[in-house]
Number of protein chains: 2
Amino acid sequence: MNVALPVSSTEPTARQQAVLDVVLALFAEQGDRVTMDAVARRASCSKETLYKWFGDREGMLNATVRWQASRVGFTPVDLARLDLVSLRRCLEEFAANWLSVISSPTSIALNRVAIGQAAGGAPLGIIVLENGRFALGKRLKPVLEAGRDAGLLAFEDSETAFRTFFGLFARDVQIRLLLGDRTIQPSLRIKEEAAHATQQFLALHGATPPSGVASA
Amino acid sequence: MNVALPVSSTEPTARQQAVLDVVLALFAEQGDRVTMDAVARRASCSKETLYKWFGDREGMLNATVRWQASRVGFTPVDLARLDLVSLRRCLEEFAANWLSVISSPTSIALNRVAIGQAAGGAPLGIIVLENGRFALGKRLKPVLEAGRDAGLLAFEDSETAFRTFFGLFARDVQIRLLLGDRTIQPSLRIKEEAAHATQQFLALHGATPPSGVASA
DNA sequence: ACCTAAGCGTAACGAACGTTACGGTTCGGA
DNA sequence: TCCGAACCGTAACGTTCGTTACGCTTAGGT
């Protein structure tokens with residue numbers, strides 16, 4: 001499995017990227033039920049080429065997940081001069097970015113496929129986890145620690161603090177989306193929910209109590 | 001689809017329950033890849049019987065989800081005499097119960113199947129949601145409101161308050177389990193995590209600040 | 001101009017699996 | 001005792017789909 005593309009590093013060519021984008025589009029449309037034939041037809045390439053490039057079906061799915069993961073970008077933050085305002089805005093942006101990413105049809109479809117494959121020993125779920133939840137933690141923990149160093153936050157373990165923040169903004173959104181709940185419409189209130197979660201996190205872990213703003 | 005068992009109410013017979021338990025066991029073992037043949041063999045029944053009972057494969061999966069959902073029980077609480085100690089204990093039990101349920105192999109497998117089916121328009125995900133997350137909310141919100149009436153809690157919307165509590169104890173546990181993360185071992189620390197989440201929830205929404213206990 | 005590699009389109013093979021059909025067996029009731 | 005319904009075990013059918021193979025076209029290098 002996965003002959004032409006080794007498990008790490010090698011970036012797919014432009015043509016290959018176009019094929020992987022087709023796979024993503026088909027994921028969003030039909031979920032896991034993506035056949036090699038449908039990919040080849042939509043991408044106007046031959047199945048033989050698919051097998052030459054990706055080895056087998058699992059390799060193609062693997063490359064697709066990596067391709068999508070390589071595109072999620074984070075806006076780096078300036079940790080040197082950090083005050084309560086910039087910290088709050090940074091946390092709100094992180095939360096809002098996360099909420100908007102996991103609400104996108106592409107992300108939902110990708111997570112569904114990864115979860116379906118995770119039933120076996122497939123590493124797809126781990127890849128999604130590594131590039132989603134854990135990548136977020138790696139980016140956010142330095143911010144939290146800088147906030148603590150600046151006397152703005154108080155906590156012992158940055159991992160625990162991050163998981164608290166994660167729970168406050170993620171709540172039940174992801175599981176409801178994955179299970180197909182249509183009564184949830186997070187796209188409209190992302191800003192408000194991110195602000196709310198940040199407010200609550202600062203109420204729990206802020207060194208100085210936030211002045212005059214009640215957690216509605 | 002689903003001929004013999006109408007979509008609601010009718011309870012399966014003991015023999016049918018045994019078959020559904022076999023399906024659950026196979027879910028836990030092999031995930032979504034459960035064939036009618038494997039079910040018939042393990043359950044020592046004929047495939048013709050399966051089709052007579054459940055209509056088709058989707059009907060069988062449907063009945064399985066309902067069967068498992070019918071078994072999750074909640075311990076009712078006495079809302080009349082509620083003080084801070086009993087409220088705290090009640091919240092901790094809810095959180096601990098939820099964490100232990102979603103950590104069980106059966107629940108993980110069931111959620112994976114439901115999420116996989118949710119890609120199409122299948123109602124499996126909605127059923128799981130209805131009997132999991134929403135059932136929890138229906139049970140917990142009266143408790144929260146009773147706590148508010150007793151002057152122990154302060155919040156505007158019980159739904160919002162519940163989602164905050166949900167986020168505080170669920171955090172990233174469910175998505176990590178679903179994606180196959182093996183570095184997470186919630187079974188050992190469920191009590192501590194439930195107590196921690198309850199502590200944080202009371203810090204956010206408790207009317208009287210909890211005396212002398214720092215949120216570690 | 002020729003050769004080779006890459007790639008497209010299509011056909012075909014084979015396995016897995018949902019679904020149906022059939023013959024034999026058990027068991028409760030008339 | 002006899003009948004019929006329910007059920008078991010197994011075989012068979014048809015579809016889907018992953019995988020492979022083949023013929024043809026195109027482009028770049030010598």
Side-chain angles (χ1 to χ4, degrees), chain A residues 1-5 10-23 25-27 29-65 109 112-113 116-117 119-124, chain B residues 1-6 10-23 25-27 29-65 109 112-113 116-117 119-122 124:
Chain A
M1 8 184 151
N2 208 336
V3 176
L5 280 183
T10 323
E11 183 155 332
T13 69
R15 183 78 178 97
Q16 288 171 342
Q17 291 176 9
V19 171
L20 297 181
D21 281 333
V22 165
V23 180
L26 287 175
F27 276 171
E29 289 173 23
Q30 335 176 358
D32 195 344
R33 295 298 169 97
V34 172
T35 70
M36 302 297 282
D37 209 69
V39 173
R41 222 176 319 120
R42 176 81 68 95
S44 290
C45 72
S46 82
K47 284 197 279 185
E48 192 171 11
T49 302
L50 292 182
Y51 281 94
K52 171 175 290 186
W53 282 349
F54 306 113
D56 59 6
R57 185 174 187 270
E58 184 180 339
M60 189 183 70
L61 267 49
N62 219 305
T64 304
V65 171
R112 282 183 176 149
V113 173
Q117 300 279 327
L124 268 186
Chain B
M1 13 180 152
N2 208 336
V3 176
L5 280 182
T10 323
E11 183 155 333
T13 69
R15 182 76 177 99
Q16 288 170 342
Q17 291 176 9
V19 171
L20 297 180
D21 281 333
V22 164
V23 180
L26 286 174
F27 276 171
E29 289 173 23
Q30 335 176 358
D32 196 343
R33 296 299 169 97
V34 173
T35 70
M36 303 297 282
D37 209 71
V39 173
R41 222 174 319 119
R42 176 81 68 95
S44 291
C45 72
S46 81
K47 285 197 278 185
E48 192 172 13
T49 302
L50 293 182
Y51 281 95
K52 170 175 289 187
W53 282 347
F54 306 114
D56 59 7
R57 186 174 187 272
E58 183 180 338
M60 189 184 70
L61 268 50
N62 218 305
T64 303
V65 171
R112 281 181 177 151
V113 173
Q117 300 279 327
L124 267 186

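Numbered from 1 within each chain, the chains take letters A, B, ... in sequence-line order.
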Using a cutoff of under 3.5 Å, can you pull out all pairs of nitrogen or oxygen atoms linking the protein to nucleotides 21-28 of chain C, with atom names and distances?
residue : atom : partner : partner atom : Å
C:dC22  : N4   : B:Glu48 : OE1          : 2.4

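Taking 4.5 Å as the limit, some side-chain heavy atom of B:Phe27 sits within range of a side-chain heavy atom of B:Leu61. Residues A:Glu58 and A:Pro123 are in side-chain contact: their nearest non-hydrogen atoms beyond the backbone lie under 4.5 Å apart.
At whole-Å resolution of the value, CG in B:Leu26 and P in C:dC17 are 13 Å apart. As rounded to whole Å, 15 Å separates atom C1' of C:dT19 from atom CD of B:Glu58. A straight line from CZ of B:Arg57 to P of C:dC17 spans 9 Å, rounded to a whole angstrom. At whole-Å resolution of the value, CZ in B:Arg33 and P in C:dC17 are 8 Å apart. When the P atom of C:dC8 is taken as reference, atom OH of A:Tyr51 falls 15 Å away, rounded to whole Å.
Not one side-chain nitrogen or oxygen of B:Thr35 sits closer than 4.0 Å to the OP1 or OP2 atom of C:dC17.
When DNA chain D is scanned 5' to 3' for any atom under 4.0 Å from a heavy atom of chain A, the first and last hits are D:dC17 to D:dC22.
Taking SG of B:Cys45 as the reference point, atom NZ of B:Lys52 lies at 12.5 Å (rounded to 0.5 Å). In this structure, CZ on A:Phe54 lies 5.0 Å from CD on A:Gln16, to the nearest 0.5 angstrom.
By the salt bridge (Lys or Arg N to Asp or Glu O under 4.0 Å) test, A:Arg33 pairs with no residue at all, sequence neighbours left out. Not counting sequence neighbours, the partners of B:Arg41 by the salt bridge (Lys or Arg N to Asp or Glu O under 4.0 Å) test are B:Asp37. Every side chain to side chain contact (heavy atoms under 4.5 Å, CB included) that A:Val65 has, sequence neighbours left out, goes to A:Leu110, A:Leu124, A:Ile127, A:Val128. Here B:Arg42 pairs with B:Glu29 under the salt bridge (Lys or Arg N to Asp or Glu O under 4.0 Å) rule; sequence neighbours left out.
When heavy atoms are screened at a 4.0 angstrom cut-off, A:Val39 is found touching no nucleic acid atom at all. Residue contacts for A:Arg41: at a heavy-atom cut-off of 4.0 Å it reaches no nucleic acid atom on any strand shown.
Closest heavy-atom contact between B:Ala119 and A:Arg112: CA-NH1, 3.7 Å.
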